[in-house]
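Computed over heavy atoms, backbone and side chain alike; hydrogens, waters and symmetry mates excluded. In this chain, residues are counted from 1 in sequence order.
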Amino acid sequence: MKLSWKQGLSAWAAMSCSLLLAAWLNYYLSDNGFIKEPNQTYDYIVVGAGTSGCVLAAKLAGSNSKVLVIEAGGEPPWYSWIPLIAPILQGSQHDWRFRTVPQKFAAGALHGNQAFWPQGKMVGGSGQMNFLIHTTGSPGDFDSWKVPGWDSQTMKNTLEGLTCWTKGNVKPKPFGTRPSFLLDDEPEMCSVPVLTDIENSTSCSDKMQHHQCSSAAIKLQRVNATEKPLLKAFLDAGRACGHSVSDMDRWSDAGSFMASHNTIDGLAGQRWSTYLSHLMPAMKTHNNLHVLTKSSVTKLVWKRNKVIGIQYLDNDGRIKHVKATREVILSAGTIKTTQILQQSGVGPPHVLEPLDIPIKADLPVGENLQDHLQVPLFVELNSSVSMNVIKMLNPRQFWNYMVHGKGALATSGIEGIATLTKTRENGKSSKPYGMLILFNMGSINADVYTSVANIKKEAFHRWFPKSSSLSQEGFVLISVCLHPRSRGHVRIISTDPTQPPEIDPAYLNHEYDVQCSIDTIKQGVELLNTDAFRALGAKLHWPTFPECGGKQGSDNQRYMECLVRTAALTMYHPAGTAAMGREDNPDAVVDPELRVRGVTGLRVVDASVLPRLPSGPPNSVLIAIADRAADFILEEKINIRK
């Protein structure tokens with residue numbers, strides 16, 4: 001489709017604004033804390049500068065320990081800080097570009113039935129390219145882990161202690177000494193001994209004390225329903241269907257419809273990751289913190305059963321070593337952490353023995369792999385309430401972003417979230433089983449979407465039949481099964497550390513996952529039949545996949561099963577391959593303090609330690625886990641000195 005002169009002018013304005021933004025971000029984000037060559041020895045080596053690694057490194061450096069962070073990628077590109085366009089990093093040099101093996105029961109719309117698994121390969125990790133959704137999970141998530149010290153009450157206290165809410169229209173929480181979450185762009189927060197509702201308030205009570213949020217605060221942008229008619233319809237529809245509507249910060253297993261809280265700095269309109277909030281300030285403050293980029297760890301270095309350092313390939317492909325006097329902490333993400341452990345002899349014999357890798361610890365590393373699956377469906381609208389390409393190319397959008405940090409570019413497109421429960425025979429509600437996500441975008445670019453998700457072009461056009469229209473009004477309703485029962489694995493297939501491991505999530509090999517997805521989709525369909533969405537002319541497009549038969553719709557069970565097995569895509573949340581657990585749990589790889597069992601000097605702190613996925617995107621939960629892990633490490637350091 002050719003662009004008109006107006007669209008060409010918009011494209012020129014976009015390019016000009018982008019260059020100005022690049023210059024501004026380059027100045028704003030410049031940092032001198034990176035090194036070219038590391039020292040021979042450090043107290044702690046943190047492998048991976050992702051969400052968890054940035055938190056760990058910052059806290060450990062604050063204890064006057066000598067800390068090295070080693071990251072396989074480089075610094076993130078300037079455009080990764082723009083919330084709406086950062087996902088274009090998928091498939092780039094800043095992405096590990098993993099892919100699964102062909103799936104037997106899923107991925108029918110994908111080439112070779114293989115899912116692409118984007119994972120960040122840069123400072124900031126996947127937190128530098130995710131969709132910025134902030135959730136804290138539900139109490140039942142953590143109780144189900146059955147791991148001492150990680151129950152719901154402990155996690156509630158941790159997450160509240162890391163939360164710094166601002167004044168006005170929010171529920172203030174007790175102030176923690178190390179806040180990690182800051183709502184919107186206000187520097188002050190309200191501190192009270194108990195949770196207190198402030199409805200439609202513009203200022204904090206005089207009795208409340210005011211504190212300054214620390215630089216380690218993750219800023220949250222709450223989508224305002226009064227300014228977003230599509231979000232308002234979503235919330236009104238949920239209410240009409242008998243669901244509660246609440247704030248995202250409520251701590252409950254009950255389902256609810258909520259305006260999304262996204263990790264975006266509302267003042268600057270930029271992505272807010274733990275690189276910006278934790279690692280960068282620590283690099284400016286502590287000269288005992290070194291960050292080495294473009295250096296990929298290949299294996300651990302041992303002295304008997306103790307890890308004493310790492311082996312890595314530098315940017316020129318040379319093998320080098322660095323020692324750790326205290327610990328090595330793997331925060332390289334579920335896939336790379338698993339690969340490093342197995343390459344180093346920590347893993348199951350059936351994986352290591354065929355490769356003649358000496359076994360240091362016989363542990364189920366690589367098993368228990370799990371991931372959230374999403375089923376996105378396009379909903380057409382006849383009202384001008386959504387975002388599309390034509391609106392995005394309007395020069396005013398770029399001006400608004402550059403000058404005010406506002407507009408479409410300052411959003412992630414995610415406006416609403418709903419967690420769903422069921423009523424049991426005893427009349428009580430189940431724990432959350434499904435999630436609905438409202439993604440405000442009417443124009444779905446076929447070239448971009450098929451490329452990053454490995455979707456067949458023919459399947460895409462049957463899925464999104466209006467994609468060729470740049471001015472299309474509509475949105476994507478995403479259905480997610482929160483607690484899949486399918487379990488897969490990650491296994492190295494070569495002693496060559498540059499060879500990607502075998503990734504098999506075994507998607508939908510458990511029938512529960514299929515029905516869970518269907519039930520979630522049906523809840524979404526029910527919303528579209530309410531007055532709130534009818535007023536916007538909402539029309540759901542059921543994909544016309546030939547393999548699913550001619551009768552589309554939620555009342556056709558065969559079609560719905562085929563739809564899920566054909567159209568379900570990754571939510572980018574691989575986890576569980578080095579699960580934490582009790583000492584007597586044979587499925588546990590790390591103990592409750594995240595130390596690898598059977599060896600010393602080694603810990604794992606990333607999504608691989610999750611025994612079970614939380615009820616939503618895990619990024620904020622991982623921040624809390626990393627914060628607790630740093631406390632474990634520092635407490636051990638104090639005890640050793642004593």
Side-chain angles (χ1 to χ4, degrees), residues 83-84 86-87 90 118 126 129-138 220-225 228 230-238 241 243-248 255-264 371-379 381 385-387 408 411-421 432-442 444 449 452-453 463-464 474-484 513 516-528 532-533 538 540-541 563-564 567-573 613-621:
L84 190 63
Q90 295 179 18
S126 295
M129 60 188 286
N130 63 9
F131 286 86
L132 303 162
I133 302 173
H134 164 71
T135 60
T136 57
S138 301
L220 300 177
Q221 180 191 69
R222 182 178 53 187
V223 183
N224 189 341
K228 302 288 184 179
L230 191 54
L231 171 59
K232 184 178 185 302
F234 180 74
L235 299 178
D236 288 345
C241 291
H243 301 283
S244 66
V245 176
S246 70
D247 264 339
M248 180 68 77
S256 183
F257 277 62
M258 300 158 277
S260 183
H261 286 170
N262 302 319
T263 49
I264 297 172
D371 181 28
H372 284 139
L373 275 177
Q374 58 167 316
V375 180
L377 295 175
F378 179 67
V379 181
L381 300 173
V385 296
S386 62
M387 183 51 58
T411 73
S412 67
I414 304 295
E415 293 189 357
I417 301 287
T419 53
L420 306 173
T421 60
Y433 73 89
M435 174 172 279
L436 294 172
I437 299 175
L438 176 68
F439 179 52
N440 185 346
M441 183 57 67
I444 310 297
Y449 204 65
V452 301
W463 203 340
F464 300 97
F475 66 95
V476 180
L477 186 62
I478 299 171
S479 302
V480 184
C481 179
L482 288 175
H483 301 293
D513 300 352
C516 171
S517 297
I518 292 174
D519 291 344
T520 305
I521 294 170
K522 287 182 175 180
Q523 291 277 0
V525 173
E526 186 179 352
L527 296 178
L528 302 177
F533 276 115
L540 175 64
H541 284 278
L563 171 66
V564 171
L569 304 171
T570 176
M571 274 283 284
Y572 320 109
H573 301 156
L613 281 164
S615 297
N619 192 70
S620 296
V621 172

Exercise for the section: Under the side-chain contact (heavy atoms from CB on, under 4.5 Å) rule, what do E415 and F475 come out as? Steps first, then yes or no, please. Expected result: CA-CA 10 Å; E415 293 189 357; F475 66 95; over 6 Å; no
Handout entry: Verdict with supporting geometry, L230 and F439, side-chain contact (heavy atoms from CB on, under 4.5 Å)
Key = CA-CA 10 Å; L230 191 54; F439 179 52; over 6 Å; no
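Applying the side chain to side chain contact (heavy atoms under 4.5 Å, CB included) test between I414 and each of L132, N262, L438 identifies N262 as the sole match.
For D371, the side-chain hydrogen bond (donor to acceptor under 3.5 Å, both in side chains) criterion is met by Y507, T570, not counting sequence neighbours. Not counting sequence neighbours, the partners of D519 by the side-chain hydrogen bond (donor to acceptor under 3.5 Å, both in side chains) test are K422, Q515. The side-chain hydrogen bond (donor to acceptor under 3.5 Å, both in side chains) check on D513 picks up S486, with sequence neighbours excluded.
Residues F464 and Y449 are in side-chain contact: their nearest non-hydrogen atoms beyond the backbone lie under 4.5 Å apart. Side-chain contact between L420 and F257: present, with at least one pair of heavy atoms (C-beta onward) separated by less than 4.5 Å. At a threshold of 4.5 Å between non-hydrogen side-chain atoms, the residues V476 and Q374 do not count as touching. Within the 4.5 Å cutoff, the side chain of I518 has heavy atoms near those of the V564 side chain. L482 is not listed as a side-chain neighbour of Y433, based on a closest heavy-atom distance of 4.5 Å or more. Looking only at side-chain heavy atoms (C-beta outward), L373 and L569 stay at 4.5 Å or farther from each other. Between L436 and L527, the closest side-chain pair of non-hydrogen atoms falls below 4.5 Å.
How far CE of M129 is from OH of Y572: 8.5 Å, rounded to the nearest 0.5 Å. Remark: H134 NE2 to T263 OG1 distance equals 9.0 Å, nearest 0.5 Å. The distance from atom NE2 of H573 to atom CG of N130, rounded to the nearest 0.5 Å, is 7.5 Å. Here the CD1 atom belonging to I133 is positioned 12.5 Å from the CG atom belonging to L220, to the nearest 0.5 angstrom. Taking OG of S260 as the start and CZ of F131 as the end, the distance is 12.5 Å to the nearest 0.5 Å. The distance from atom NE2 of H372 to atom OG of S615, rounded to the nearest 0.5 Å, is 7.0 Å.
Minimum interatomic distance between F378 and M441 (heavy atoms only, all atoms of both residues): CE1-O, 4.2 Å. When every heavy atom of W463 is checked against every heavy atom of P376, the shortest pair comes out as NE1-O, 2.8 Å. Of all non-hydrogen atoms in M435 and P617, the two that sit nearest each other are SD-CD, 4.3 Å. The heavy-atom pair separating A225 from K232 by the smallest distance is O-CB, 3.8 Å. Shown here for T520 and G434, the closest heavy-atom pair between the two residues is OG1-CA, 3.6 Å. Residues G255 and S244 come closest through the heavy atom pair O-OG, 3.0 Å.
Distance alone, capped at 3.5 Å, is enough to place a donor-acceptor pair between the H483 side chain and the L613 backbone. At least one donor-acceptor pair closer than 3.5 Å links the side chain of T419 to the backbone N or O of S256.
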